[in-house]
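What you see is a predicted model, and the numbers here were worked out from it, not measured in a lab.
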Amino acid sequence: MIAQPYHLYVERIDATKNMARFYALSIQPTLFGQASLLRCWGRIGCRGQQKVHMFEHEDEAVCLFLELLSQKRKKGYRPRTSCGNPRVSARSARAAR
């Protein structure tokens, strides 16, 4: 059984390169008491791709989770900064008031 939930969603956006990518990680229990690491990635706004890794123990899944997180952070992926339209900044939202 999973001791605590592990969920991550990060994005990498670079308008100069026409780049808008997402990467999601989640550790979930299986029906047989094992742990699975679900990886989803692709272009923001598209379905993307998925890959599932199966593990006997949760700590193995957590190790891969942290390793992948480290790799993505080095490549420039960051947590989403807002829940709304990314083109609307906080400054322009205040100016509209």
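- Atom NZ in Lys74 sits 7.5 Å away from atom CD in Gln71 (nearest 0.5 Å).
- Taking each heavy atom of Ser36 and Thr30 in turn, the nearest pair found is CB-CG2, 3.9 Å.
- The two atoms that bring Leu37 and Ala61 nearest to each other are CD2-O, 4.3 Å, heavy atoms only.
- Remark: Gln28 engages Ser26 in a side chain to side chain donor-acceptor pair (under 3.5 Å) (not counting sequence neighbours).
- Under the 4.5 Å side-chain heavy-atom criterion for ILVMFWY residues, a single connected hydrophobic cluster contains both Tyr77 and Leu68.
- The minimum heavy-atom distance between Tyr9 and Ala24, with the atom names listed, is CD1-CB, 4.1 Å.
- One finds the NZ atom of Lys72 at 8.0 Å from the CZ atom of Arg21 (value rounded to the nearest 0.5 Å).
- Between atom NE2 of residue His7 and atom CG of residue Leu25 there is a gap of 11.0 Å, rounded to the nearest 0.5 Å.
- In terms of heavy-atom proximity, Trp41 sits nearest to Gln50 at CZ3-C, 4.0 Å.
- Taking CD from Glu11 and CZ from Phe22, the interatomic distance works out to 9.0 Å, rounded to the nearest 0.5 Å.
- Hydrophobic clustering of Ile, Leu, Val, Met, Phe, Trp and Tyr side chains at less than 4.5 Å, counting indirect connections, keeps Met54 apart from Val62.
- Among residue pairs with one or both ends in residues 46-75, those qualifying as ring pair (Phe, Tyr, Trp, His ring centres under 6.0 Å) are Tyr6-Phe65; sequence neighbours excluded.
- Checked against side chain to side chain contact (heavy atoms under 4.5 Å, CB included), Leu69 has the following partners two or more places apart in sequence or in another chain: Leu8, Arg73.
- The two residues Tyr23 and Arg39 make their nearest non-hydrogen contact at OH-NE, 2.8 Å.
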**OP:** List the steps and the verdict of side-chain contact (heavy atoms from CB on, under 4.5 Å) for Asn18 and Arg43.
**Re:** CA-CA 10 Å; Asn18 192 26; Arg43 186 166 176 83; 3.4 Å; yes
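- By the criterion of side-chain heavy atoms lying less than 4.5 angstrom apart, applied directly or through intervening Ile, Leu, Val, Met, Phe, Trp or Tyr residues, Met19 is not grouped with Ile13; the two fall into different hydrophobic clusters.
- Residue Ile44 holds its CD1 atom at 11.5 Å from CZ of Arg12, rounded to the nearest 0.5 Å.
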